[in-house]
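Lettering of chains follows the sequences in order, A, B, ..., and the numbering in each one begins at 1.
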Amino acid sequence: MRVYDTLSGEKRLLETLEPGKIRMYACGVTPYDNSHIGHGRCYVAFDVIYRYLRQSGLQVTYVRNFTDVDDKIINRANERGIAAVDLACENIQSFYRDMDALGIARPDHEPRVSTSMPQIIALVQTLIERGVAYASEGDVYYAVSKFPTYGKLGKRTLDDMQAGARVEVSDKKQHPMDFALWKAAKPGEPAWESPWGKGRPGWHIECSAMSMNALGECLDIHCGGQDLIFPHHENEIAQSEGATGRTFSNHWLHNGFVNVDNEKMSKSLGNFFTIKDVLQRYEPQVLRLFYLSTHYHNPINFSDFALDEAAERVAYFYETLRKLEIFLDQAGSVGAPFGPLPGEAFLNEFEARFREAMDDDFNTVRVLGQLAEAFKLANELLMMRKAKQLPNALAAARQLRDKLTYADEVLQLFGAPPADYLERHKTKAAARRGLSLDWIAEKVGDRLIARSEKNWAEADRVRDELLAAGVVLMDGPQGTDWMVSDVRAGAVEGVAGPDAG
RNA sequence: GGCGGCGUAGCCAAGCGGUAAGGCAGAGGUCUGCAAAACCUCCACUCACCGGUUCAAAUCCGGUCGCCGCCUCCA
């Protein structure tokens, strides 16, 4: 298994400190507001990694923290006139709703800063004892000049950084790049007793303290968003290695940003979306597929179009799954399969190919390519209705279903009951287009009457009317089904227009 | 200014030394009252541009142009 490691700047073999075990830490959220789609991407990416490592037989201990003591929380709580802990709790619950919806497994440990003070204070003390930190007027700072490799993760030197000179200058600091491990209490802020007086932890120390507390001095994998490389993870390295003298983490994994209109999503730019915003309009599997459609390391561009594409793709998966389910249920007693199964080579190689892709830095995009073949095969099998083909088709379909289940242990895309999923999908897709289900049902009913009278002109007229609204009809033996297709309807409109394109 | 990353078909996106996965859109076909869905076939002699290394480069090196990010809170 090879992973891209930010520190070495290359894909490296994943080596474990202890055979068969993985100690994995992801920087969690600061719960001062609802989580955004960037958080979603990050934790989906790490969820896939967590699930894949476990599926690979490794005993993984996954730790993800909550930074529930922080300036942003305190400020927001003060604005709303509530206690910081209450605000944090509220947002943690909200975070869980989002994570659960996205199919993200709960980590094994989820420490919080507010309940980790003894470990944090102990770590600060160790750093002072080792001479790499110093107390100053109730604050405690880390002396970056005492850590020779400071800047190794962010690939910069202290000289580089001082050239930028965008650092807060303070009389309390020995060096402008020194950062706070402990901050003296200010009025109206939550504070904890410490050897340096009442105060609270600085931003970076909590992750060092909590990760080492839960996992020991050395981690196998430490992950987070790319924006955390510097200064957060850089400082974590300085703190942890400054305290232990040992390598803090053997692998550093960072996920790329979610961009909107090819620019970083941020509140100031007004291109900010919460997970809840998106889940109101799309099923969670859609967001998850959207995330997995680009390698976790690369930037991904968020747009309605991309989501619509993903939504139609997931609907295709579930439509196939629904038919496959019916097929497997109905085909009770058919003869025994004979000779090679359809898609036999593909089925036989499925796991190996899946693992090969995932072993290569968790390449979900390649896996998705493989799934395209799998679903095509499923649909092919469904077309094999001749009696003599049935036994082999059924046997292959059973195998295929098992392969999909195997892949979905990691992907978590098609675990919902297909019929339920498709109902929800249609409802949301219609809502996105501003269409009411009643209106669609009425039109479909009108057309049904016209068709029963073989009034094809009227039937076609109704169909075109629906198509113009974005509703695509599918006549089948059981009646007429419909779907809302933004992507396809858009294309139809384009063709219908005068010399479109 | 310092550092890092990216530029692959109309769009999205893998590949990262051995001769361009996959999806969407598009064209043709099977099916269908006609369609749609589904399936089949086709769809980049070429990977921003210019040099170089190599038997061999989208992949390595140098340069140019363009975009993005970090250096301040941020997943």
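OP1 or OP2 of B:A14 has at least one side-chain nitrogen or oxygen of A:N298 nearer than 4.0 Å. For the OP1/OP2 pair of B:C24 and a distance below 4.0 Å, the side-chain nitrogens and oxygens of A:R313 include at least one atom meeting the criterion.
Protein atom CZ of A:F95 is 10 Å distant from nucleotide atom C1' of B:A75, rounded to whole Å. The NE2-P distance, from A:H204 to B:C71, rounds to 11 Å in whole Å. Between the CG atom of A:N235 and the P atom of B:C71 there is a distance of 12 Å, rounded to whole Å. The CG-P distance, from A:L292 to B:A14, rounds to 12 Å in whole Å. B:A21 atom P lies 22 Å from atom CZ of A:F375, rounded to whole Å.
Ranked by how close their nearest RNA chain B nucleotide is to the 5' end, A:M383 and A:K72 are led by A:M383.
Taking the P atoms as reference points, B:A13 lies 16 Å from B:C68, given to the whole Å. The separation of B:A27 from B:G62, taken at their P atoms, amounts to 45 Å, rounded to a whole angstrom. Atom name C1', nucleotides B:U53 and B:C12: the rounded distance is 34 Å, in whole Å. Taking the P atom of each, B:U46 and B:G66 are spaced 25 Å apart, rounded to whole Å. B:A44 sits 5 Å from B:A9 when the C1' atoms are compared, rounded to a whole Å. For B:C6 and B:U30, the C1' atoms lie 43 Å apart once the distance is rounded to whole Å. When the C1' atom is used for both B:A48 and B:A58, the distance is 12 Å, rounded to whole Å. Nucleotides B:A57 and B:C49 have their P atoms positioned 15 Å apart, rounded to a whole Å.
A:H254 comes within 4.0 angstrom of nothing in the nucleic acid, heavy atoms only. Across all strands shown, A:D481 has no heavy atoms under 4.0 Å from either base or sugar-phosphate atoms. The residue A:A372 sits close only to the backbone: its heavy atoms come under 4.0 Å of sugar-phosphate atoms, none of a base. In this structure, A:N379 reaches the sugar-phosphate backbone alone: every heavy-atom distance under 4.0 Å involves primed, P, OP1 or OP2 atoms, never a base. Here A:G38 lies in heavy-atom contact (under 4.0 Å) with a base. Across all strands, A:K376 comes closer than 4.0 Å only to sugar-phosphate atoms, never to a base (heavy-atom distances). Residue contacts for A:D71: at a heavy-atom cut-off of 4.0 Å it reaches no nucleic acid atom on any strand shown. Heavy atoms of A:L228 sit under 4.0 angstrom from primed sugar atoms or phosphate atoms, though from no base atom. Residue contacts for A:R463: at a heavy-atom cut-off of 4.0 Å it reaches a base atom on one of the strands shown. Using a 4.0 Å heavy-atom cutoff across all strands shown, A:K264 reaches at least one base atom of the nucleic acid. Among the atoms of the strands shown, only primed sugar atoms or phosphate atoms (P, OP1, OP2) are found under 4.0 Å from some heavy atom of A:N262. A:R353 comes within 4.0 angstrom of nothing in the nucleic acid, heavy atoms only. Here A:Y316 lies in heavy-atom contact (under 4.0 Å) with sugar-phosphate atoms only. Among the protein residues, A:G256 comes within range of the nucleic acid bases, having at least one heavy atom under 4.0 Å from a base atom.
Taking the side chain of A:E263 as heavy atoms from C-beta on, and the options B:G69, B:A75, B:G4, the nearest nucleotide is B:G69. With B:C71, B:A21, B:G23 as the candidates, the nucleotide lying closest to the side chain of A:P231 is B:C71. In the set B:A13, B:G69, B:A75, the nucleotide with an atom closest to the side chain of A:D227 is B:A75. When the nucleotides B:G15, B:A75, B:G33 are ranked by their closest atom to the side chain of A:V258, B:A75 comes out on top. Counting only heavy atoms from C-beta on, A:V472 has its side chain closest to B:A36 among B:A36, B:A75, B:C71. Out of B:A14, B:G2, B:G33, the shortest distance to the side chain of A:R451 is found at B:G33. Picking from B:A35, B:A36, B:G15 the nucleotide with the shortest atom distance to the side chain of A:R366 gives B:G15. Closest to the side chain of A:Y43, from the set B:A75, B:C34, B:A38, is B:A75.
Residues meeting the side chain to side chain donor-acceptor pair (under 3.5 Å) test with A:T274, sequence neighbours left out: A:D277.
The base of B:C68 does not come close enough to the side chain of A:N259 for any donor and acceptor atom to sit less than 3.5 Å apart. You'll find a donor-acceptor pair under 3.5 Å spanning the side chain of A:D460 and the base of B:G33, going by distance alone.
Across all strands shown, nothing is found opposite B:A21 as a Watson-Crick or G-U wobble partner with both distances under 3.5 Å. Under the Watson-Crick or G-U wobble criterion, with both distances below 3.5 Å, B:C60 is paired with B:G52. The nucleotide B:C73 finds no pairing partner, because no Watson-Crick or G-U wobble arrangement with both distances shorter than 3.5 Å includes it. With both pairing distances under 3.5 Å, B:C6 is matched to B:G66 as a Watson-Crick or G-U wobble pair. Shown here, B:C31 forms no base pair; nothing in the strands shown gives a Watson-Crick or G-U wobble contact with both key distances under 3.5 Å.
Between A:R200 and the choices A:D70, A:D71, A:D68, the salt bridge (charged side-chain N to carboxylate O under 4.0 Å, His left out) rule is met once, by A:D71.
No donor-acceptor distance shorter than 3.5 angstrom exists from the side chain of A:N298 to the backbone of A:H295, with no hydrogens or angles considered. Under the 3.5 Å distance criterion, the side-chain polar atoms of A:S303 are matched with a main-chain donor or acceptor of A:A306.
Ion pair A:D33/A:K72 not flagged as a salt bridge, since none of the NZ, NE, NH1 or NH2 atoms sits closer than 4.0 Å to an Asp/Glu carboxylate oxygen. Taking the charged nitrogens against the carboxylate oxygens, A:R461 and A:D464 have no contact shorter than 4.0 Å, which rules out a salt bridge.
The shortest distance between side-chain heavy atoms of A:R41 and A:T294 falls below 4.5 Å. Side-chain contact between A:V63 and A:S211: absent, with no pair of heavy atoms (C-beta onward) separated by less than 4.5 Å.
Between A:F46 and A:Y50, a ring centre-to-centre spacing not shorter than 6.0 Å is recorded.
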